[in-house]
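To find a chain, count down the sequence lines: A is the first, B the second, and so on, and within it residues start at 1.
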2 protein chains.
Amino acid sequence: MEPNRADTSGMTQTRHQRRYGRTRQRIIKAARAVFAERGMSGIAIDQITERADVGRGSFYYHFGSIDKLVQAIVDSIIDELVERMERECADKTELQDVLEALIVAHIRYFDDRWQDFVLYYQGRAELTLAMPFEGIESPFLRYMKVIERLVGGAAGELAVDEQKLQRIACSLAGFISGYYSFARIAPVGDNLEAELLPIRASFVRSLVRFAGTESSANKK
Amino acid sequence: MEPNRADTSGMTQTRHQRRYGRTRQRIIKAARAVFAERGMSGIAIDQITERADVGRGSFYYHFGSIDKLVQAIVDSIIDELVERMERECADKTELQDVLEALIVAHIRYFDDRWQDFVLYYQGRAELTLAMPFEGIESPFLRYMKVIERLVGGAAGELAVDEQKLQRIACSLAGFISGYYSFARIAPVGDNLEAELLPIRASFVRSLVRFAGTESSANKK
DNA sequence: GACGAATTCGACAATATTGTCAAGTCTTTT
DNA sequence: AAAAGACTTGACAATATTGTCGAATTCGTC
């Protein structure tokens, strides 16, 4: 009765488990598409199961509620994005390089994946509401923490304090997603990476300078 | 039968027209609150009319459809924001000052008005979808144009080309709203304006530098 | 004060959505 | 090959939402 968690240890997957995983993935894939097309709120279960070509009951068997599904999706998006950030930053040690790499990670990740950007953005938008989908907040916090850690790691002897790190993270994530979203409405060109290059460079420099600033006077 | 457009010429309002306006405003006000709480998609008409303490029929009488209502709301938000930007920029002539003023306009406008920020953000999020609410796009384009005009006006002899102006506008609007939204999740402090000051300054400088850059090599 | 226009109202039928469940299919175990 | 377990299914009853419409109310005008 209780859903069998898919075997993560790789080898010993029984046929049941494979089938379980397949259906689950079908649902997730369909949901990603539907959400990216019409948003997360106000989506009927049927729209998802029908697109996944799966019985209505299966949805409830696997997820039990919309929130769980949204949670799984946002989680995986953030996982992928985080993984990408880690990878791009792996060999960077200079603060400036890390900041560059972080932006590049976002651009590369979202490039040719407008759908995933929409999910990311819709998720963020959800967070502004009074009652967002359950469990959506923590992946985003995790994401912010990763940025802070990567930036903090490269800040080296600058010893940037926690608060400053947070601001840098907000700026960085905010800037890149904000730019991306606007660039889409007012199409400036088709190669976002090339297009962003000069302004990105300026932006990074401004963050570096900010990091170097004396601990800001926020004891108003 | 056809709704009477409220008298905009100020003086000659008949009682009917006033009543018309009152109800209309009640609905809009309630909708703003509901939207800011639960998002724009997936809201039932009843949730709005009940909050407005108005009959269900009145909603259809005034707006006819959700899209029209959303349109009216987004329109007025953008109007207010644009008005604020114009005001803040009124006496500025230097590029740097104008950029500063634009950011300040946003901060001041949204300060203590989280609800309106949510509406603005939800509206933006809608735009990422395949089928956003009808008529939501144009106010946002108008908004971008205003930024471009204000920035372009102050760029003076730099003669920043159209494309560059667009990028600056995307950066500016993206940065401020992105930062704002993240700052809310990972609360850094309570005085956003003071808090943003140093990083804002850096950001503005980076935009100024970008504006001065030789027309970027985007002939890839 | 009565007639028509403007505005408001909420009941109504039509439709959509939800979550459950008993029954069916496939797989593993004994 | 039978029994038990895992997974899937779609029908179902309950509930929610929609857009309409005729009646009620308010208002301006004659």
Looking at [Y] and [X], is any side-chain nitrogen of the basic one under 4.0 Å from a carboxylate oxygen of the acidic one?
X         : Y         : answer
Glu86(A)  : Arg149(A) : yes
Asp75(A)  : Lys68(A)  : no
Asp79(A)  : Arg84(A)  : no
Arg38(A)  : Glu126(B) : no
Glu148(B) : Arg167(B) : no

>> Show every salt bridge (charged side-chain N to carboxylate O under 4.0 Å, His left out) that has at least one partner inside residues 171-182 of chain A, sequence neighbours left out.
In response: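 Those involving residues 171-182 of chain A do not exist here.
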
Spacing of [X] atom [atom1] relative to [N] atom [atom2], expressed in whole Å:
X        : N       : atom1 : atom2 : answer
Ile66(B) : dT17(D) : CD1   : P     : 12 Å
His62(A) : dA6(D)  : NE2   : C1'   : 10 Å
Phe63(A) : dG19(C) : CZ    : P     : 15 Å
Ile45(A) : dA16(D) : CD1   : P     : 16 Å
Arg26(A) : dT9(D)  : CZ    : C1'   : 14 Å
Phe59(A) : dT20(C) : CZ    : P     : 11 Å
Gln25(B) : dT8(C)  : CD    : P     : 12 Å
Leu69(A) : dT18(C) : CG    : C1'   : 16 Å

> More than 12 foreign heavy atoms under 6.0 Å from CG of Asp91(A): is that the case here?
Replying inline: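 Count over threshold, so yes.
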
> side-chain hydrogen bond (donor to acceptor under 3.5 Å, both in side chains) with Ser76(A): which residues, sequence neighbours excluded?
Replying inline: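 With sequence neighbours excluded, Ser76(A) shows a side-chain hydrogen bond (donor to acceptor under 3.5 Å, both in side chains) to Arg32(A), given in chain and number order.
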
> Of all residues at least two apart in sequence or in a different chain, which pass the side-chain hydrogen bond (donor to acceptor under 3.5 Å, both in side chains) check with Glu50(B)?
Replying inline: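 Once residues adjacent in sequence are excluded, Glu50(B) has no partner under the side-chain hydrogen bond (donor to acceptor under 3.5 Å, both in side chains) criterion.
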
> In residues 49-57 of chain B, what residues come within less than 4.0 Å of DNA chain C, judged by heavy atoms?
Replying inline: Val54(B), Gly55(B), Arg56(B), Gly57(B)

> Given axes from five pairs at either end, by how many degrees does the helix from dG1(C)-dC30(D) to dT30(C)-dA1(D) bend, rounded to 10°?
Replying inline: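 It comes to 10° between the two terminal axes.
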
>> Tell me whether the side-chain N/O atoms of Tyr61(A) come closer than 4.0 Å to OP1 or OP2 in dC7(D).
In response: yes

>> Within the 4.5 Å heavy-atom criterion, are Ile199(A) and Leu207(B) side-chain neighbours or not?
In response: yes

> Do Phe175(A) and Tyr179(B) have their ring centres less than 6.0 Å from each other?
Replying inline: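 Phe175(A) vs Tyr179(B): aromatic centres not under 6.0 Å.
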
> Quick one: which of dT18(C), dC27(D), dT17(D) gets closest to the side chain of Tyr60(A)?
Replying inline: dT18(C)

For nucleotides 28-30 of chain D, tabulate all protein N/O to nucleotide N/O atom pairs closer than 3.5 Å, reporting atom names and distance.
from: dG28(D); atom 1: OP1; to: Thr14(B); atom 2: OG1; distance (Å): 2.8
from: dG28(D); atom 1: OP1; to: Arg15(B); atom 2: N; distance (Å): 2.7

>> Quick check: on DNA chain D, is the nucleotide nearest Ala44(B) upstream (toward 5') of the one nearest Arg22(B), or the reverse? Name the residue that is more 5'.
In response: Ala44(B)

